[in-house]
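A quick write-up on the structure given underneath.
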Amino acid sequence: MIPTPHIGVAEKGVIAETILLPGDPLRAKFIADNYLEDPVQFNAVRNMLGYTGAYKGKKISVMGTGMGIPSIGIYSYELIHFYGVKNLIRVGSCGSFQEDVKVRDIIIGMAASTNSDYASQFDLPGTFAPAASWTLLKKAVDVAEQKGIAVKVGNILSSDIFYDDNQDSWKKWARMGVMAVEMEAAALYLNAARAGVNALCILTVSDSLVSHELVSAEERQNTFTQMMEIALELA
Ligand code: HPA
């Protein structure tokens with residue numbers, strides 16, 4: 001069934017087996033323009049821009065996912081099941097839950113806890129732990145070490161709610177050691193697990209629920225560059 005309802009690509013092979021997934025489609029364009037060799041745009045349906053190019057000679061794609069679990073759930077499903085994508089790497093931002101997780105830090109989501117009901121579709125007789133691909137996680141950590149980029153690896157929260165009516169609910173996740181909150185990784189990890197493909201979520205800390213510190217868009221650029229240096233090596 002290609003093109004799919006949300007990705008306007010009629011042939012397999014146009015999208016690389018490895019794809020970087022920022023939330024913002026304009027971020028996908030920025031990555032294509034600044035990091036990829038010979039990028040070609042493959043999608044503009046709903047302005048969810050997607051590109052395929054190369055990095056150090058290796059074919060790689062980048063596409064926006066939109067915000068939230070339903071949105072990344074749709075795009076990752078179509079990429080995996082209809083376009084044969086095997087390695088899906090989310091590159092995003094998150095809000096810190098911990099004193100020692102500072103704005104501008106880079107975080108890798110070893111697991112993604114969630115308050116979403118997304119996993120109920122799999123009808124499991126218990127609680128599934130959405131986890132990163134060990135292969136991608138190990139490679140990302142190795143690359144970061146080689147490049148001298150500090151990363152923190154651990155549990156993150158994929159929340160369905162940005163503006164929570166209970167402003168203290170995050171503290172319950174924090175006391176379980178969850179490092180930070182974003183809104184997509186759990187669906188990505190669940191879809192990848194169900195399909196037997198690889199997923200990873202790399203994040204920069206853009207704000208802190210502990211200190212209320214906030215990084216401006218311009219300031220984000222430096223840590224963004226470091227995050228991209230790690231992600232691109234996974235091609
Ligand atoms: N909450 C949810 N998602 C986020 C946040 C946040 O504070 N910061 C960046 N992504």
Side-chain angles (χ1 to χ4, degrees), residues 20-31 48-49 62-76 88-119 130-132 140 149-191 199-228 230-231:
L20 304 182
L21 300 169
D24 180 355
L26 288 179
R27 187 60 90 167
K29 179 173 167 40
F30 179 89
I31 291 167
M48 199 55 80
L49 304 174
V62 57
M63 189 173 103
T65 65
M67 289 183 287
I69 279 174
S71 191
I72 197 169
I74 290 169
Y75 290 110
S76 59
L88 300 95
I89 301 138
R90 166 165 154 70
V91 285
S93 62
C94 63
S96 170
F97 280 176
Q98 305 290 341
E99 185 92 54
D100 63 350
V101 176
K102 310 284 189 196
V103 292
R104 300 179 197 82
D105 280 359
I106 297 173
I107 281 186
I108 301 181
M110 182 162 71
S113 301
T114 188
N115 55 21
S116 155
D117 194 38
Y118 194 78
I149 300 169
V151 294
K152 293 191 165 86
V153 181
N155 205 343
I156 56 175
L157 174 69
S158 299
S159 179
D160 272 347
I161 306 162
F162 189 88
Y163 298 107
D164 200 321
D165 194 50
N166 178 350
Q167 296 197 357
D168 286 331
S169 66
W170 65 272
K171 291 177 182 166
K172 294 188 176 175
W173 295 101
R175 73 189 188 199
M176 292 300 288
V178 173
M179 293 188 303
V181 58
E182 53 84 71
M183 307 186 80
E184 293 83 15
L188 181 65
Y189 288 1
L190 284 161
N191 277 356
L200 185 69
C201 177
I202 312 177
L203 304 162
T204 61
V205 180
S206 59
D207 55 277
S208 170
L209 283 85
V210 182
S211 69
H212 305 290
E213 209 182 336
L214 197 79
V215 188
S216 71
E218 305 82 64
E219 269 186 289
R220 267 189 229 181
Q221 198 54 46
N222 189 35
T223 35
F224 175 78
T225 302
Q226 291 190 321
M227 175 173 68
M228 289 309 305
I230 300 169

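Because only heavy atoms are used, hydrogens play no part in the values below, and waters and symmetry mates are left out as well, while side chains stay in. Read the numbers this way: they start at 1 and go in the same order the structure lists the ligands and their atoms.
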- Task: Would you please name every residue forming a side-chain hydrogen bond (donor to acceptor under 3.5 Å, both in side chains) with Ser208, sequence neighbours left out?
- Result: Ser211
- Working to the nearest 0.5 Å, report the span between CD1 of Ile156 and CD1 of Ile107. 8.0 Å
- Please name the pair of heavy atoms, one in Ala186 and one in Pro130, separated by the smallest distance, quoted to 0.1 Å. O-CB, 4.1 Å
- Task: List in chain and number order the residues that pass side-chain hydrogen bond (donor to acceptor under 3.5 Å, both in side chains) with Ser76, two or more places apart in sequence or in another chain; answer none if no residue qualifies.
- Result: Asn191
- Item | Nearest-0.5 Å distance that lies between atom CE in Met228 and atom OG1 in Thr223 | 12.5 Å
- Message: Taking non-hydrogen atoms within less than 4.0 Å of ligand 1, which protein residues qualify?
- Response: Ser93, Cys94, Gly95, Phe162, Val181, Glu182, Met183, Ser206, Asp207, Leu209
- Task: With sequence neighbours excluded, give me every side-chain hydrogen bond (donor to acceptor under 3.5 Å, both in side chains) pair touching residues 170-181.
- Result: Asp168-Lys171
